[in-house]
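Presented below is the structure to which this report refers.
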Amino acid sequence: MGTLDSILERGRPVTDTELARRADWIRLQTVELIAQAGLGHYASTFSAAELLATLYYHVLRINPADAQWPDRDRFLLGKGHVATGLWPVLADLGFYPKEWLSQFGKVGSPVNDHPNMKLAPGIDFSSGSLGHNLSVGTGIALGGRLDNRDYRTFVLTGDGELQEGQVWEAAMAASHYKLGNLTVIIDANGFSGSGPTSDAMNIEPLADRFDAFGWRVTEFDGHDIAALKKALGDDLPDPSFGQPSCLIARTEKGHGVEMFSKQPQAWHLGLLEPDQQADVVAEITKRMELSR
């Protein structure tokens with residue numbers, strides 16, 4: 001069991017600059033892990049980098065020494081293909097040894113392209129087939145209410161994932177049960193694996209749709225650290241509140257690297273050539289050095 005000293009409380013002090021640098025560190029780690037595995041999701045992970053950094057280094061109440069601590073906040077990664085950006089964070093916080101990262105992408109590894117709750121500490125639910133995590137998150141949040149626990153449940157989805165019908169069944173149930181301890185964060189980068197989200201199945205206007213389903217809705221720039229800290233921190237109502245929260249983070253697929261953001265679909269899944277990887281690393285590293 002973890003000790004009280006190992007618990008990371010909500011609202012841990014961190015500057016906006018530190019979180020921005022941490023997001024770029026996630027991008028660098030993602031590039032390295034994908035090179036090791038031989039294939040991976042760059043652009044989708046890059047759009048969520050600031051979201052992951054803010055959640056894990058500022059927002060979530062967690063206990064790395066006891067991943068199953070009952071009063072921890074829960075985080076479910078609906079868009080599971082961005083787990084590449086989550087693995088280095090969990091290792092850095094101490095959920096498992098950093099040496100595990102060298103096994104990424106290998107058969108039998110506990111850290112792989114999609115998170116598996118049975119293999120890796122710190123994973124509250126598995127992903128692979130998209131569309132299930134909001135339903136599970138709704139159940140976890142309802143369980144917290146029944147157990148009189150004040151943990152929060154956060155679910156990160158992509159806007160393409162919202163094309164799954166099960167998501168909207170969960171949205172309906174969450175408002176029916178008045179789950180103010182549930183927050184869905186939508187990484188609204190405008191693309192899914194098959195192209196622009198609006199071409200496959202339009203899900204806009206997102207704010208109006210979630211509002212119609214009875215959710216409290218906030219929309220903001222998902223790369224603006226100050227806006228993220230506000231939306232995920234002081235602006236969130238108490239877990240006892242009677243309405244679930246929907247945070248629509250407007251993001252750019254491939255954000256942080258010009259080549260990715262200009263061709264987001266081409267870099268949804270792929271592998272950089274050595275010279276391309278050197279350029280990408282140099283672009284990110286230069287920005288990090290300028291922010292010192």
Side-chain angles (χ1 to χ4, degrees), residues 1-2 6-12 48 51-80 82-83 85-87 89-96 110-111 114-158 161 166-167 169-171 173-175 177-187 215-216 228 231-233 235-247 249:
M1 296 292 290
S6 64
I7 295 171
L8 302 177
E9 293 288 356
R10 295 179 187 140
R12 300 184 293 284
L51 295 169
L52 292 174
T54 305
L55 280 164
Y56 275 92
Y57 292 98
H58 178 62
V59 173
L60 294 176
R61 183 175 69 192
I62 49 179
N63 186 350
D66 181 8
Q68 295 300 313
W69 178 49
D71 288 317
R72 73 192 184 279
D73 287 338
R74 273 64 166 172
F75 175 71
L76 287 77
L77 187 60
K79 49 178 297 180
V82 308
L86 179 59
W87 298 131
V89 172
L90 294 179
D92 181 60
L93 291 174
F95 280 93
Y96 43 75
V111 294
H114 282 261
N116 186 328
M117 64 187 289
K118 295 183 177 181
L119 298 179
I123 300 300
D124 287 311
F125 192 68
S126 306
S127 179
S129 178
L130 305 189
H132 302 304
N133 276 249
L134 187 56
S135 294
V136 175
T138 297
I140 290 173
L142 182 57
R145 280 283 175 82
L146 295 174
D147 290 340
N148 293 314
R149 296 189 181 276
D150 72 341
Y151 63 74
R152 293 187 183 276
T153 300
F154 295 89
V155 180
L156 177 61
T157 78
E161 187 177 359
Q166 185 174 334
V167 171
E169 293 182 58
S175 62
Y177 290 111
K178 299 179 171 56
L179 299 178
N181 56 351
L182 175 65
T183 300
V184 64
I185 307 163
I186 303 171
D187 180 10
W215 288 59
R216 170 190 168 275
L228 271 168
L232 287 162
D235 278 6
L236 271 187
D238 188 84
S240 63
F241 187 64
Q243 204 177 14
S245 293
C246 172
L247 307 184

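Every value quoted in this text rests on a predicted model; they were computed, and no experiment measured them.
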Here's a test for you: under side chain to side chain contact (heavy atoms under 4.5 Å, CB included), which of N181, L134, L142, I140 qualifies with T153? I140
As an exercise, state the distance from CD1 of I62 to CH2 of W69, rounded to the nearest 0.5 Å. 10.0 Å
Take T157 and I185, measure what side-chain contact (heavy atoms from CB on, under 4.5 Å) needs, and give me the verdict at the end. CA-CA 6 Å; T157 78; I185 307 163; over 6 Å; no
Can you name the side chain to side chain contact (heavy atoms under 4.5 Å, CB included) partners of R10, sequence neighbours left out? R61, D73, R152
Would you say T138 and L182 make side-chain contact, with heavy atoms under 4.5 Å? yes
Rounded to the nearest 0.5 Å, how far apart are CG of L236 and OG1 of T183? 4.5 Å
Say you draw a straight line from OH of Y56 to CG of L51; how long is it, rounded to the nearest 0.5 Å? 12.0 Å
Minimal non-hydrogen separation, A231 against L247, with atom names: O-CD1, 3.8 Å
Please find the pair of heavy atoms, one from R216 and one from D235, that lie closest to each other, and give the distance. NH2-O, 2.6 Å
Note: S127 and H114 closest approach over all heavy atoms is O-CB, 3.3 Å
If I compare all heavy atoms of P239 with all of D150, which pair ends up nearest, and what's the gap? CG-O, 3.5 Å
For D124, enumerate each residue passing the side chain to side chain contact (heavy atoms under 4.5 Å, CB included) test, keeping only those at least two apart in sequence or located in another chain. R72, R74, L76
If only atom types and distance count, is the side chain of N63 paired as donor or acceptor with the main-chain N or O of A65 below 3.5 Å? yes
Heavy atoms of G122 and A67 approach each other most closely as N-CB, 3.7 Å
Sequence neighbours excluded, which residues qualify as ring pair (Phe, Tyr, Trp, His ring centres under 6.0 Å) partners of F154? none
State, yes or no, whether a side-chain contact exists between I186 and C246 at a heavy-atom distance under 4.5 Å. yes
Can you tell if the side chain of L86 reaches within under 4.5 Å of the side chain of V111, non-hydrogen atoms only? no
Shortest non-hydrogen contact from L119 to P121? O-CD, 3.9 Å
Are I7 and D71 close enough, and set up right, to give a side-chain contact (heavy atoms from CB on, under 4.5 Å), and what steps lead you there? CA-CA 10 Å; I7 295 171; D71 288 317; over 6 Å; no
Side chain of W215, backbone of Q243: donor and acceptor closer than 3.5 Å? no
Spacing of CZ belonging to F241 relative to CG belonging to L179, to within rounding of 0.5 Å: 12.0 Å
Could you check W87 against F95 for side-chain contact (heavy atoms from CB on, under 4.5 Å), going step by step and ending with a plain yes or no? CA-CA 10 Å; W87 298 131; F95 280 93; over 6 Å; no
A side-chain contact here means heavy atoms from C-beta on lying under 4.5 Å apart; do P237 and S245 qualify? yes
Between L93 and Y57, is a side-chain contact (heavy atoms from CB on, under 4.5 Å) present by the stated rule, with each step listed? CA-CA 9 Å; L93 291 174; Y57 292 98; 3.7 Å; yes
